[in-house]
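Below is one structure, written out as structure tokens; the observations come after it.
Just so you know, residue 1 is the first one in the sequence shown, and it goes up from there.
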Amino acid sequence: FMVKIRKINPMEFYQNLCKEDKTKFLAYVQRKEGYSTVTMSGKLRENPVSHLKYEEGKVLEHIIATGEWK
């Protein structure tokens, strides 16, 4: 049988967080990866100003999957 692997969508994940968790998530990403919180929130919001680079997406997927940001 096929196991469906659900790919994590960082934008979807971020948009479903409460305001407090968004702040916490972005702060963690900045500390761990050095990504600007302003840039990341701009890329993850509902009408993004620009798009995530492939590498950024992979890093965020990992952080979300492991739950290490909490």
Quiz: residues 16-29 side-chain donor-acceptor pairs under 3.5 angstrom, not counting sequence neighbours:
residue	atom	partner	partner atom	Å
Asn16	ND2	Glu12	O	2.9
Thr23	OG1	Lys19	O	3.1
Tyr28	OH	Glu68	OE2	2.8

Query raised in the report: What closest approach, in Å, do Leu52 and Pro10 show between heavy atoms, and which atom pair accounts for it?
Result: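 The answer is CD1-CB, 4.0 Å.
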
Query - Closest contact, heavy atoms only, Ile8 versus Ala65 - result: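 Closest pair (atom of Ile8, atom of Ala65, distance): CD1-CB, 3.5 Å.
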
**Report entry** Side chains of Leu60 and Met40 in contact at under 4.5 Å (non-hydrogen atoms)
**Finding:**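 SC-SC contact between Leu60 and Met40 confirmed.
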
Query raised in the report: What residues form a side chain to side chain donor-acceptor pair (under 3.5 Å) with Gln30, not counting sequence neighbours?
Result: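 For Gln30, no residue satisfies side chain to side chain donor-acceptor pair (under 3.5 Å) once neighbours in sequence are set aside.
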
Requested in this report: Not counting sequence neighbours, list each pair that qualifies as a side chain to side chain donor-acceptor pair (under 3.5 Å) and has a residue in residues 33-48.
Outcome: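 Counting only pairs at least two positions apart or across chains, the side chain to side chain donor-acceptor pair (under 3.5 Å) contacts touching residues 33-48 are Ser36-Thr39, Lys43-Glu56.
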
Query - Spacing of CD1 belonging to Ile64 relative to NZ belonging to Lys70, to within rounding of 0.5 Å - result: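 That separation rounds to 10.5 Å.
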
Requested in this report: Sequence neighbours left out, what pairs pass ring-ring contact (aromatic ring centres under 6.0 Å, His included) with at least one residue falling in residues 37-65?
Outcome: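 Those involving residues 37-65 do not exist here.
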
Query raised in the report: Using 4.0 Å as the upper bound for N to carboxylate O, is an ion pair formed by Lys58 and Glu61?
Result: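 Between Lys58 and Glu61 there is a salt bridge, with a charged N closer than 4.0 Å to a carboxylate O.
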
